[in-house]
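Below you'll find the structure, written out as structure tokens, and then a few comments.
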2 protein chains.
Amino acid sequence: MDKKSIADPKGRSRPRVKIEDVAREANVSPATVSRVLNHPGIVRPELRDKVMRFITDLSYTPDSAARALKSGRMRTIGAIVPTLGLGIFAESVEALQNRLSESGYTLFIANSQYDQRRELQEMQSLIERGIDGIVLVGGSHGRELRTLVEQTGVPVITTYVSKAGGGIPAIGIDNERATREMTEFLLGLGHVRFGAIANILPSNDRSRARLDGIQRALSEAGIRLEPSQVIRADHSLAQGRKALRQLLTDHPGTTAVICTTDTLAIGAMTEARKMGLNVPRAVSITGFDDVELAAQVDPPLTTISIPAAEIGRGAADYLISAIAGRPVPKSVLLPYRLVVRSSTASPPKADRLPKRPR
Amino acid sequence: MDKKSIADPKGRSRPRVKIEDVAREANVSPATVSRVLNHPGIVRPELRDKVMRFITDLSYTPDSAARALKSGRMRTIGAIVPTLGLGIFAESVEALQNRLSESGYTLFIANSQYDQRRELQEMQSLIERGIDGIVLVGGSHGRELRTLVEQTGVPVITTYVSKAGGGIPAIGIDNERATREMTEFLLGLGHVRFGAIANILPSNDRSRARLDGIQRALSEAGIRLEPSQVIRADHSLAQGRKALRQLLTDHPGTTAVICTTDTLAIGAMTEARKMGLNVPRAVSITGFDDVELAAQVDPPLTTISIPAAEIGRGAADYLISAIAGRPVPKSVLLPYRLVVRSSTASPPKADRLPKRPR
DNA sequence: CGCGCTTCTGAAATCGTTTTCAGGATTATT
DNA sequence: AATAATCCTGAAAACGATTTCAGAAGCGCG
């Protein structure tokens, strides 16, 4: 087994070119070649250029294992997302990846399937592989994960939320405030009979915060949301449909349905149409995330837009700084945007609340 | 900079536990510890158990960089997908990941944004990092990538297609045959006026094969598809909408629209509704992929279902075998399934073709 | 009871870099 | 022109595991 070797066009294999090959050809020591690569500043320009030429000529690429072993840096950061489905995190991850590769880092992506146990596993696997930093989604992660982070000291950042537990820094939006604003918008339209569809899982604090926002805004307006008016679901379209059916069966008078996710909202809209209900004339439905589909669906969905790309970039910058030992912010709060489309309108009945000033 | 160290609860850092620590505690040599980990069979059971106990007690995890350096194996495989958006590849990737982790491998995911240049870049980055195997999507990859594969000898497999160029093995379905069957199904329903919406990019041979299938089936039935009857698009919903509008403006008599992607089809359906056209009574629309959304949309979409999870698992098995030097199949052809839902029906006019036997 | 064979274990070399340490060359200072 | 200071460069020692090679212990057999 000739481990490190590459096959030439004829199929025979020749040994991989290593740093001392370059050194020999260029008539310098391996140390100098290494310096050219890692600290170009400290080597005499002419010599540096000469070595550089040999490097490219021989198409030398440093062995990352050896490099990682000696330097303790893997030049790799990992992201653990709850799901790859529906492309919810795609935009962030792509931005993250772009920013990282600009700085010579590579991104590992793993997914936890909304399961804290798997998240912990993936985390351990990444750490064992000597990852330099980790980006997580959401702020609730189980005690074990937090102690793992503390013990190993790996830089970690949590995304999509504005604050996370256990001293882990975060970059994202204020989820509760966003749904509060959404709810107030609906109240302003005159709605009084609300329902909520939320995907509540222990690992999903984003939805929890969003639900809190709804409830707070409602109770401030003197409206109480009965437990049977909030339906729990997972993150699938099918569950959104089922949830809407149940909600409107139990509470036929409902005029506004707030979902904590676009996926749920789109499912709900489909079901509403199937039930013969016009959206938004009979029911208003809102989502959260502003995925691509949200604008394309019929009617276009009123939702909360999240600065996904900015979150990705921000997470990258944070980690790069943290790894370099530069000072980093505790957490970053980004603005969201309420985008009003056509899935919301004033309620049909005239028993509206008078418009109230915000 | 105390490179390999972990901070204890108080914040001080202590050195990482290494193989010789375990060896010392267990009163054996490092070599034995290594053997317990890598070739458990050749060490005396009692001793093995004893060493094992110390390993877990000290919670020792081998340094992957050192291990990779010495053994030449990274225990990591990479997947390069065109996009993370819309979750098209999510199911495959998740299956791939699950299967790999069963075998002690970790999965790197990268995305190329449907761009051959980026795909090549990512590939190089993976290879530099000493990846053990690579999963690609689709069969068209540019000459440079193919020579890179040949030169380095890294095991590579291509997915979602049944055959790839340049001797790269493949696992997937026969895309052309699938759309041919779809087209024949539509012909059987009596349609004669067709349109096609395809996302054609040089890097997307799947859509090309699918389009070929449509054209072949049609020409066998004596129907010619004018260039203006096939609309090019990228992979977004918005493009699907635009394409449908253009198609029906240029060819108002069209009764069947075949899309090479569910995304495009769903966009097309949305637009059709907006134009006041009933699907399927006025136009039949079909997709390809059978994403989750396809069944949930209104009307549910007639499409081709792909065995995504099986593709992922198969790719994992292939790579694991190839890395171990075991014999591997040239390529694997998996079955697709035509799933008929409610977005298709016989054309409105009576000028149908007589039903023909397949 | 002693010899040869098998089975395990340990010492030491090695994988390809990075980096410390010290020394040689070059320039600045008086 | 001599000495000090500054810059670069090379030799060699790690980094933490794996694996070869050879030797020690255990076994069966005559």
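Proteins come first, then strands; the chains are lettered A, B, ... in the order of their sequence lines, and each starts at number 1.
- A ring-centre distance under 6.0 Å is not found for B:Y60 and B:F54.
- Between B:L37 and A:R44, the residue whose closest nucleotide on DNA chain D is further toward the 5' end is A:R44.
- Atom CD in A:E20 sits about 13 Å away from atom P in C:dT14, given to the nearest Å.
- Although no hydrogens or angles enter the test, the distance criterion places a donor-acceptor pair under 3.5 Å between the side chain of A:T152 and the main chain of A:L148.
- Between B:R146 and B:E150 there is no salt bridge, since no side-chain N of the basic residue sits under 4.0 Å from a carboxylate O of the acidic one.
- Atom CG of A:L69 is separated from atom C1' of C:dT14 by 12 Å (rounded to the nearest Å).
- Atoms CZ (B:R67) and P (D:dA17) sit 9 Å apart, rounded to a whole Å.
- In summary, A:K18 and A:D21 do not engage in a salt bridge, as defined by a charged side-chain N under 4.0 Å from a carboxylate O.
- As judged by a 4.0 angstrom heavy-atom cut-off over every strand, A:T32 is placed among residues touching the sugar-phosphate backbone only.
- Between A:D21 atom CG and C:dG16 atom P the separation is 9 Å, expressed in whole Å.
- Minimum atom distance to the side chain of A:S29 is reached by D:dG10, of the listed C:dT9, D:dG10, D:dC15.
- Side-chain contact between B:L136 and B:I157 is absent, with no heavy-atom pair separated by less than 4.5 Å.
- The listed nucleotides are C:dT19, D:dT18, C:dT17; the one nearest the side chain of A:A31 is C:dT19.
- With rounding to whole Å, A:R16 atom CZ is found 14 Å from C:dC15 atom P.
- With hydrogens and angles ignored, a donor-acceptor pair under 3.5 angstrom links the side chain of B:R35 to the base of C:dG10.
- Side chain of B:A66, nearest nucleotide from D:dG16, C:dG10, C:dC8: D:dG16.
- The side chain of B:H39 places no N or O atom within less than 4.0 Å of a non-bridging phosphate oxygen (OP1 or OP2) of D:dT18.
- For B:D63, the listed nucleotide lying nearest its side chain is D:dG16; candidates were C:dG16, D:dT9, D:dG16.
- For B:Y60, the listed nucleotide lying nearest its side chain is D:dA17; candidates were C:dT17, D:dG16, D:dA17.
- A:R73 places its CZ atom 18 Å from the P atom of C:dT17, with the value rounded to the nearest Å.
- In the set C:dT14, D:dG10, C:dT18, the nucleotide with an atom closest to the side chain of B:K70 is C:dT14.
- As a whole-Å value, the separation of B:N38 CG from D:dG16 C1' is 13 Å.
- Summarising the geometry, the separation between CZ on B:R24 and P on C:dA11 is reported as 13 Å, rounded to the nearest angstrom.
- Using a 4.0 Å heavy-atom criterion, one finds that B:V33 contacts no nucleic acid atom at all.
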